[in-house]
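Predicted model, so just to flag it, every value in this text is computed and none were measured.
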Amino acid sequence: QVQLVESGGGLVQAGGSLRLSCAASGRTFSIYAMGWFRQAPGKEREFVAAIRWSGVTTYLADAVKGRFTISRDNAKNTVYLQMNSLKPEDTAVYYCAASPSWPVSFRPQDYAYWGQGTQVTVSS
């Protein structure tokens, strides 16, 4: 099994920055892709970003393109989500997820492992 633990959430002002971390443990060799999703109150869980575990290609949702970046540090089994120029509409619970299958997916249904989520709140 794969265990995922997110950290780095918090309260920031609009225009500020946060870096979320997702530490993976367990059968990390089975991970094909890592993704970040978010869910705001009253909304469905939506794709934010993804990266291949063994590659450098990244994928970003249009809503965060140009502001967020996803990266990885395989030595630490950790994936990061750098969030800049935060907006109030970015407020949500952010979830780290891992997929054992290819190709890289934007759908939550294709991710088998999930962290517990970390709250990001952006004040106006």
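For Arg52 and Trp102, the positive end is not near the middle of the six-membered ring at less than 6.0 Å and at most 45° from its axis.
In this structure Phe47 satisfies the ring pair (Phe, Tyr, Trp, His ring centres under 6.0 Å) test together with Phe37, Phe106, sequence neighbours excluded. With sequence neighbours excluded, no residue forms a ring pair (Phe, Tyr, Trp, His ring centres under 6.0 Å) with Tyr95. For Asp90, the salt bridge (charged side-chain N to carboxylate O under 4.0 Å, His left out) partners at least two apart in sequence or on another chain are Arg38, Arg67. For Lys65, the side-chain hydrogen bond (donor to acceptor under 3.5 Å, both in side chains) partners two or more places apart in sequence, or in a different chain, are Asp62. With sequence neighbours excluded, no residue forms a side-chain hydrogen bond (donor to acceptor under 3.5 Å, both in side chains) with Gln3.
In terms of heavy atoms, Leu4 sits closest to Gln116 at O-OE1, 3.8 Å. The shortest non-hydrogen separation linking Met34 to Cys96 is CE-SG, 3.4 Å. Closest non-hydrogen pair, Val120 versus Gly9, comes out as CG2-CA, 4.2 Å.
Within the 4.5 Å cutoff, side-chain heavy atoms of Thr121 are placed close to those of Gln119. Put simply, the side chain of Ile31 reaches to within 4.5 Å of the side chain of Val2, judged on heavy atoms. Residues Val104 and Tyr32 have side chains in contact (heavy-atom distance under 4.5 Å, counting atoms from C-beta outward). No side-chain heavy atom of Met83 sits less than 4.5 Å from a side-chain heavy atom of Thr69. Put simply, the side chain of Tyr94 does not reach to within 4.5 Å of the side chain of Glu6, judged on heavy atoms. Inter-residue side-chain proximity for Val93 and Thr118 is flagged as unmet; no heavy-atom pair is nearer than 4.5 Å.
Criterion: ILVMFWY side-chain heavy atoms under 4.5 Å apart, direct or through other members. Under it, Leu86 and Tyr80 are not part of a common hydrophobic cluster. Put simply, Tyr111 and Tyr113 are part of two different groups of oily side chains (I, L, V, M, F, W, Y) that touch within less than 4.5 Å, one to the next. In terms of hydrophobic clustering, with Ile, Leu, Val, Met, Phe, Trp and Tyr side chains grouped at heavy-atom distances under 4.5 Å, Val79 and Leu60 are assigned to a common cluster.
Remark: side-chain polar atoms of Ser30 are not paired, donor with acceptor, to backbone N or O of Thr28 under 3.5 angstrom.
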| Test log, rule side chain to side chain contact (heavy atoms under 4.5 Å, CB included), inputs Phe68 and Gln82 | CA-CA 5 Å; Phe68 292 9; Gln82 179 66 47; over 6 Å; no

Please tabulate, for side-chain N and O atoms in residues 12-26, each donor-acceptor pair with protein atoms closer than 3.5 Å (sequence neighbours left out).
| residue | atom | partner | partner atom | Å |
| --- | --- | --- | --- | --- |
| Ser17 | OG | Asn84 | OD1 | 2.9 |

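Other residues, nucleotides and ligands contribute at most 12 non-hydrogen atoms within 6.0 Å of the CD atom of Gln1.
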